[in-house]
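Note sheet for the following structure.
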Amino acid sequence: MSTKEKIQEEVQVETEALNLNEIVLYNDDVNTFDHVIDTLIYACDHTPEQAEQCSILVHYKGQCTVKTGVYDELEPRCTMLLDAGLSAEII
């Protein structure tokens, strides 16, 4: 691979990364672990293990990024989290 191709590839990867947003889930004192886990599985296509890990991080750290992608794909997922009574936002 030539130096020119390598630099072009690095710039392309950085450009794609800049267009990504995140859904951040926040801790609350209302929802149970089971509800959060079930909602993450449903709304964000998490595996049960992934959803459980995110719920633990939210509980102890106060927040966790639960999904990364382009805004148009994240918006309906974030809406599902909000409709389920969870606290989340797209950043």
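Note that this is a predicted model, so its numbers are computed, not measured.
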Could you check whether D45 pairs with K67 (Lys NZ or Arg NE/NH1/NH2 to Asp/Glu carboxylate O, under 4.0 Å)?
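Salt bridge between D45 and K67, a charged N being under 4.0 Å from a carboxylate O: no.
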
**Study point:** Qualifying residue, where the test is side-chain contact (heavy atoms from CB on, under 4.5 Å) with V66 and the options are V36, T39, V24, I23
**Key:**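 Result for side-chain contact (heavy atoms from CB on, under 4.5 Å) with V66: I23.
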
ask   = Pick from I37, L25, T32: which one makes a side-chain contact (heavy atoms from CB on, under 4.5 Å) with S55?
value =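 The passing option is I37.
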
Would you say [X] and [Y] make side-chain contact, with heavy atoms under 4.5 Å?
X   : Y   : value
N21 : V70 : no
Q63 : N27 : no
Y26 : V58 : no
R77 : T79 : no

- Message: Run C44 and L81 through side chain to side chain contact (heavy atoms under 4.5 Å, CB included) and show every step you take.
- Response: CA-CA 9 Å; C44 296; L81 295 173; 4.2 Å; yes

Q. Between E22 and T65, do the side chains contain an N or O donor and an N or O acceptor separated by less than 3.5 Å?
A.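 Side-chain D/A pair, E22 to T65: present.
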
Can you tell me how far [atom2] of [Y] sits from [atom1] of [X], rounded to the nearest 0.5 angstrom?
X   : Y   : atom1 : atom2 : answer
D28 : S87 : CG    : OG    : 5.0 Å
E73 : T68 : CD    : OG1   : 11.5 Å
H59 : F33 : NE2   : CZ    : 4.5 Å
I91 : Y71 : CD1   : OH    : 12.5 Å

- Query: With the 4.5 Å side-chain cut-off for hydrophobic clustering, are I41 and L74 part of the same group?
  - Reply: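 Looking at the clustering, L74 is in a separate group from I41.
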
Same hydrophobic cluster for L57 and L86, using side-chain heavy-atom links shorter than 4.5 Å among ILVMFWY?
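No, because L57 and L86 fall into different hydrophobic clusters, even though each may have its own neighbours under 4.5 Å.
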
Heavy-atom closest contact (C64 atom, C54 atom, distance):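 C64 and C54 have their closest heavy atoms at SG-SG, 3.9 Å.
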
Original post:
What's the shortest heavy-atom distance between G85 and N31, and which atoms?
Top reply: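 Of all heavy-atom pairs spanning G85 and N31, the closest is O-ND2, 3.0 Å.
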
